[in-house]
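What follows is a short report on a single structure.
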Amino acid sequence: MDTITFIATYFSISVAFAIFVLVLLIRRHRKQKARFENDWLLFQDAVKKDNTEQIIFYGSKVIWNRQKAEPKHREFVLVEVSKRKDSDPKLTPFWKDAFYLVNGKEPD
C-alpha cells in the first residue's frame with residue numbers, strides 16, 4: 001500500500017469515527033434534555049415516599065444531567081439526601097457525588 005492510500009484510509013476512518021461519536025453525543029444530549037422534567041418529578045415523588053432506591057436512581061439522573069439541571073436542582077438533591085444519609089448508609093456514596101457536584105470538592 002502506498003503512502004497516499006494509507007493516509008486517505010486513515011483520514012476516512014478517523015472522520016467516520018468522529019462523526020459516529022458526534023452523533024452519539026447529540027443523541028445523549030437530546031435524550032437527557034427530554035427526560036429531565038420526568039426525572040425531576042420522579043425524584044420529588046421518591047422524596048415524598050422516602051424510597052431510598054428511587055432517591056438514588058432518579059437523584060443520580062438529576063445531578064448528572066448536564067443539559068438542564070441547574071444549581072438549585074443539585075442543591076435540593078443534596079439537602080434531601082443529607083437529611084437521610086445518617087439513617088440510611090446506602091445514601092452515603094450518592095451524597096458524596098451530590099456534595100462534589102454542588103461544592104466542587106470532596107467532602108471532608
Side-chain angles (χ1 to χ4, degrees):
M1 184 181 330
D2 62 343
T3 306
I4 298 294
T5 307
F6 178 74
I7 291 173
T9 304
Y10 181 77
F11 180 73
S12 298
I13 292 171
S14 298
V15 168
F17 180 73
I19 290 171
F20 176 73
V21 169
L22 182 64
V23 167
L24 288 179
L25 290 174
I26 289 171
R27 288 180 67 194
R28 186 180 79 174
H29 172 80
R30 288 182 183 159
K31 185 178 176 182
Q32 281 186 346
K33 197 171 182 182
R35 290 206 37 96
F36 179 76
E37 297 301 325
N38 189 39
D39 291 338
W40 177 244
L41 293 174
L42 290 170
F43 173 75
Q44 290 176 335
D45 187 49
V47 167
K48 289 178 188 171
K49 293 179 180 176
D50 203 23
N51 186 329
T52 303
E53 287 79 23
Q54 287 184 353
I55 288 173
I56 293 170
F57 183 75
Y58 292 113
S60 294
K61 288 186 174 206
V62 169
I63 65 171
W64 289 106
N65 189 320
R66 301 283 185 192
Q67 316 322 324
K68 298 270 288 191
E70 297 176 8
K72 66 180 180 179
H73 296 117
R74 290 186 181 105
E75 290 172 6
F76 179 78
V77 171
L78 179 62
V79 168
E80 292 301 324
V81 173
S82 295
K83 291 179 190 176
R84 294 168 173 77
K85 77 175 173 94
D86 293 331
S87 62
D88 194 348
K90 289 191 287 187
L91 287 171
T92 303
F94 177 61
W95 174 79
K96 289 180 181 179
D97 289 341
F99 187 89
Y100 177 76
L101 288 172
V102 169
N103 298 316
K105 62 180 182 175
E106 294 289 326
D108 296 330

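If you read the sequence from its start, that first residue is 1, and numbering goes on from there.
- Distance check: K90 NZ to I56 CD1 gives 6.5 Å after rounding to the nearest 0.5 Å.
- Every pair tested for side-chain hydrogen bond (donor to acceptor under 3.5 Å, both in side chains) that includes a residue from residues 14-28 fails, sequence neighbours excluded, so the list is empty.
- Note: L101 CG to R66 CZ = 5.5 Å, rounded to the nearest 0.5 Å.
- With sequence neighbours excluded, the residues satisfying salt bridge (Lys or Arg N to Asp or Glu O under 4.0 Å) with K83 are E80.
- Across P89 and P93, no two heavy atoms sit closer than the pair O-CD, 3.9 Å.
- Residues satisfying the salt bridge (Lys or Arg N to Asp or Glu O under 4.0 Å) test with D39, not counting sequence neighbours, are R35.
- Side-chain atoms of R84 never come within 3.5 Å of backbone atoms of D50 as a donor-acceptor pair (strictly under, hydrogens ignored).
- Between Y10 and F6, the two ring planes are parallel [angle under 30°; tilted spans 30° to 60°].
- Contacts of E70 classified as salt bridge (Lys or Arg N to Asp or Glu O under 4.0 Å), with partners at least two apart in sequence or in another chain: K72.
- Applying the ring pair (Phe, Tyr, Trp, His ring centres under 6.0 Å) definition to pairs two or more places apart or across chains, those involving residues 59-99 are F36-H73, W40-H73, W40-F76, W95-F99.
- Checked options V102, I63, V77; the residue passing with D97 is I63 (criterion: side-chain contact (heavy atoms from CB on, under 4.5 Å)).
- Considering CD1 of I55 and CG of D88, their distance stands at 8.5 Å, rounded to 0.5 Å.
- Partner of V21 under the side-chain contact (heavy atoms from CB on, under 4.5 Å) criterion, out of L25, L24, V23: L25 alone.
- The CG atom of L91 lies 9.0 Å from the CD atom of E53; values are rounded to the nearest 0.5 Å.
- For I4, the CD1 atom sits in a loose shell: 12 or fewer heavy atoms of surrounding residues, nucleotides or ligands are nearer than 6.0 Å.
- Rounded to the nearest 0.5 Å, atoms NE2 (H29) and CG (N65) are 9.5 Å apart.
- Partners of K49 by salt bridge (Lys or Arg N to Asp or Glu O under 4.0 Å), not counting sequence neighbours, listed by chain and number: D45.
- The distance from atom CD of Q54 to atom CG of L42, rounded to the nearest 0.5 Å, is 7.5 Å.
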